[in-house]
Amino acid sequence: MPRVIRRALFEKLGRLPEWTTFREDFHAATGLRLKLVDELGRRTSTSPYQAELCCRMEESPTGRFYCERFRQAMLADIGDAPVRATCDAGLTEVAVPLRISGIRVGYLLFLGFRFTHAEEADLKRARHLLDKAGIDLPPEVIENGLRSTPVIALRAGDAYTRFVEMAARQIAEKLTAHPVSYTHLRAHETF
């Protein structure tokens, strides 16, 4: 599938009412936010949410680059199954592949949570690793960010992942039921 068609499908998906409804329902049910990102990990304009600590990190170019690199590394390892990873700041992300007609066009992510409450050792580790990466955040910002991060049970995280997988399949089916008109895209195709 040419890149321009894949991008058009991804953008159409971001405008689907089903995506918006599921994103809002997921947040209402879990307290966590969902993001829609493309195959390179870039979010859509309709997926603005970041955890408090992520927002502070992304205020600087170094922090933004650091978060993008983490997400791209996580997505590079993904196959057909969801993947879960924890960044050096101590926040967990789950990526669920989004396939349309067997082609991966993006991912649904839920992020900005932990499986355990932040202990002093977690705070020290995050401060050390972020400082080592050149991300200059005051210690109280890191501490407040980690302490305010939602904590969920591992079993709940697994259940949320399955919910998102089911939603990804349903949203993809909805999109393929109303395909994008490819004829106007072919004139602009680049290879």
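Treat the numbers as computed from the prediction; the structure is a model and nothing was measured.
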Kindly work out whether a path of hydrophobic side-chain contacts (I/L/V/M/F/W/Y, heavy atoms less than 4.5 Å apart) joins [X] to [Y].
X	Y	answer
L154	V96	yes
I142	L129	no
L98	L16	yes
V37	M74	yes

Query raised in the report: More than 12 non-hydrogen atoms from neighbouring residues, nucleotides or ligands closer than 6.0 Å to CG on D136, yes or no?
Result: no
Query raised in the report: Taking everything shown except Q170 itself, do over 12 heavy atoms lie less than 6.0 Å from its CD?
Result: no
Would you say the side chain of [Y] lies within less than 4.5 Å of the side chain of [X], judging by non-hydrogen atoms?
X	Y	answer
P97	I78	yes
T161	F110	yes
F115	T92	yes
L109	L36	no
K174	L13	no
L130	M57	yes
R99	V105	no
L137	L53	yes

Query raised in the report: How would you list all residue pairs meeting side chain to side chain donor-acceptor pair (under 3.5 Å) that involve residues 60-70, not counting sequence neighbours?
Result: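 Those involving residues 60-70 are Y66-D88.
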Say you draw a straight line from [atom1] of [X] to [atom2] of [Y]; how long is it, rounded to the nearest 0.5 Å?
X	Y	atom1	atom2	result
H117	L146	NE2	CG	13.0 Å
F22	M166	CZ	CE	8.0 Å
C67	I135	SG	CD1	6.5 Å
H27	L32	NE2	CG	8.5 Å
E165	L108	CD	CG	10.5 Å
R33	L111	CZ	CG	11.0 Å

For [X] against [Y], the heavy-atom pair lying closest together:
X	Y	value
R104	G79	NH2-O, 3.1 Å
F113	V94	CZ-CG2, 3.9 Å
A95	L75	CB-CD2, 3.6 Å
T149	G112	CG2-O, 3.4 Å
Y107	D38	CD1-O, 3.5 Å
I152	G157	CD1-CA, 3.7 Å

Query raised in the report: What class does the angle between the rings of F163 and Y160 fall in, given that below 30° is parallel, 30 to 60° is tilted and above 60° is perpendicular?
Result: tilted
Under-4.0 Å salt bridge between [X] and [Y]:
X	Y	value
E143	R147	yes
R84	E93	no
E59	R56	yes

Hey, does the side chain of [X] reach the backbone of [Y] with a donor-acceptor pair shorter than 3.5 angstrom?
X	Y	result
D131	R127	no
D122	E119	yes
R114	T116	yes

Requested in this report: Please report the C-alpha distance between E120 and R125 in whole Å, then the side-chain angles of each, then the deciding distance to 0.1 Å, and finally whether the side chain to side chain contact (heavy atoms under 4.5 Å, CB included) criterion is met.
Outcome: CA-CA 9 Å; E120 190 58 38; R125 180 179 187 278; over 6 Å; no
